[in-house]
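Have a look at the structure below, then the notes.
Reminder, nothing fancy here: chain letters follow the sequence lines and each chain counts from 1. Values in this document were obtained by computation on a predicted structure and should not be read as measured data.
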Amino acid sequence: MPVVDVKKDLDAFSLTIVADFAAPVERVWQIYADPRQLERVWGPPEYPATFVDHELRPGGVMNYYMTGPEGDKYCGYWRISDVSEPDSFTFADGFADEDFNPNTDLPESQNVYSFAAHDGGTRATFVATYPSAEALQQVLDMGMIEGATAAMGQIDAFLAA
Amino acid sequence: MIEGDEDRADALFHALADRTRRDILRRVLAGEHSISTLAGFYDMSFAAVQKHVAVLERAGLLTKRRQGREAFASGDVQVVRSAASLLSEFEEVWRGRISRIDDLINQLKE
């Protein structure tokens, strides 16, 4: 099981996920450096992601959308601040409208993804920090609706099989 | 499960089984909206949007309050939470991502 630790720190308004992968750091970095690989891991199978802009460099923008089972679209963006290939990168992650203008009604998180050599493989640490406890809660609650929707899609598929 | 719970689950899943209603719910969970503001987001009549809001209200997913001639709707996070208690959360999203990264790495290795 590659997930080592999941930590929700409601005081620091942050979520930290630690995972170990059986591949060198450069290989794991490649996933983020290549939009076609990133698309395969970012969205769940029911909500595949498409990156329309992919600039993994300081000041770069990554715009993406996820497509739901009914063709519904959810847009988001990453604004990259720091890149230290292949060790880490830092970015703001938020929701956007269909033209990729940031949706300011929903919280933006600050993220640091870092990769370090560990036991012949890579230890990846993903940290997302929200501006407030309410913002973190809001995102958790939004995730729940997606989860409920995805689960229903799976039930439908099961019944149709 | 007692019958009341089953009825409640029916109402919840019926409410969530429609794209417009899920969209309305996302918006009102992010903050209170007037029904007329909500109606502006969709290519349908005010009455049709009102009907969707009523379905969500019956399922207990949102609450309405009146101020003058305007009705406002806000999402009830607690209900969404309890409805989804056995479903995924942020953590699940991440577990999914990590297992996909793992799959991708192993696939390309072969």
Side-chain angles (χ1 to χ4, degrees), chain A residues 1-4 6-8 15-24 27-28 30-32 34 37-47 68-72 74 95 103 105-107 121-122 124 126 128 134 136-152 155-156, chain B residues 9-33 37-38 41-42 56 59 61-62 74-110:
Chain A
M1 192 63 193
V3 175
V4 177
V6 179
K7 210 172 68 193
K8 291 172 205 167
L15 296 156
T16 303
I17 296 96
V18 180
D20 285 345
F21 299 110
R27 172 67 196 97
V28 178
Q30 263 310 309
I31 292 175
Y32 293 92
D34 174 358
Q37 290 187 48
L38 183 52
E39 285 168 353
R40 292 173 61 178
V41 306
W42 184 248
E46 308 79 17
Y47 285 85
E70 296 169 61
D72 34 339
Y74 305 97
F95 298 87
N103 176 346
D105 288 340
L106 292 169
T122 299
F126 307 97
E134 291 71 31
L136 172 55
Q137 196 58 59
Q138 202 178 345
V139 171
L140 291 177
D141 294 331
M142 302 277 293
M144 282 207 176
I145 304 185
E146 302 306 337
T149 312
M152 275 192 294
I155 293 169
D156 285 346
Chain B
D10 279 351
L12 276 169
F13 278 79
H14 169 66
L16 288 171
D18 178 272
R19 187 198 303 184
T20 305
R21 287 198 289 274
R22 287 196 299 275
D23 196 69
I24 291 173
L25 186 58
R26 273 186 207 99
R27 292 179 195 275
V28 298
L29 277 174
E32 189 179 67
H33 284 69
T37 305
L38 287 172
F41 291 124
Y42 309 101
L56 289 165
L61 289 161
L62 63 74
S74 42
D76 192 326
V77 162
Q78 280 318 111
V79 174
V80 173
R81 180 167 290 275
S82 66
S85 62
L86 66 160
L87 300 167
S88 66
E89 225 200 284
F90 199 91
E91 181 176 331
E92 285 309 310
V93 172
W94 268 100
R95 286 190 186 274
R97 268 177 204 153
I98 284 162
S99 83
R100 288 191 294 277
I101 294 174
D102 210 42
D103 288 349
L104 184 60
I105 286 170
N106 291 323
Q107 223 173 65
L108 296 184
K109 240 195 255 171
E110 280 157 17

Going by the rule side chain to side chain contact (heavy atoms under 4.5 Å, CB included), which residues pair with A:P45 if we only count those two or more places apart in sequence or in a different chain?
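A:P45 satisfies side chain to side chain contact (heavy atoms under 4.5 Å, CB included) with B:R100 only.
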Quick check: do A:I17 and B:R97 have side-chain heavy atoms less than 4.5 Å from each other?
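Sidechains of B:R97 and A:I17: no contact.
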Applying ring pair (Phe, Tyr, Trp, His ring centres under 6.0 Å), name anything that partners A:F21, two or more places apart in sequence or on another chain.
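Ring pair (Phe, Tyr, Trp, His ring centres under 6.0 Å) check on A:F21 returns nothing, list empty.
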For A:E70, is there any backbone N or O sitting under 3.5 Å from a side-chain donor or acceptor partner on B:R19?
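Yes, because the side chain of B:R19 sits within donor-acceptor range (under 3.5 Å) of the backbone of A:E70.
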Distance, nearest 0.5 Å, that separates [atom1] of [X] from [atom2] of [Y]:
{"X": "A:R27", "Y": "B:L104", "atom1": "CZ", "atom2": "CG", "value": "5.5 Å"}
{"X": "A:D72", "Y": "B:R26", "atom1": "CG", "atom2": "CZ", "value": "6.5 Å"}
{"X": "A:T122", "Y": "B:I101", "atom1": "OG1", "atom2": "CD1", "value": "10.5 Å"}

Looking only at heavy atoms, which two atoms of B:I105 and A:A22 are closest? And how far apart?
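It is CG2-O, 4.1 Å.
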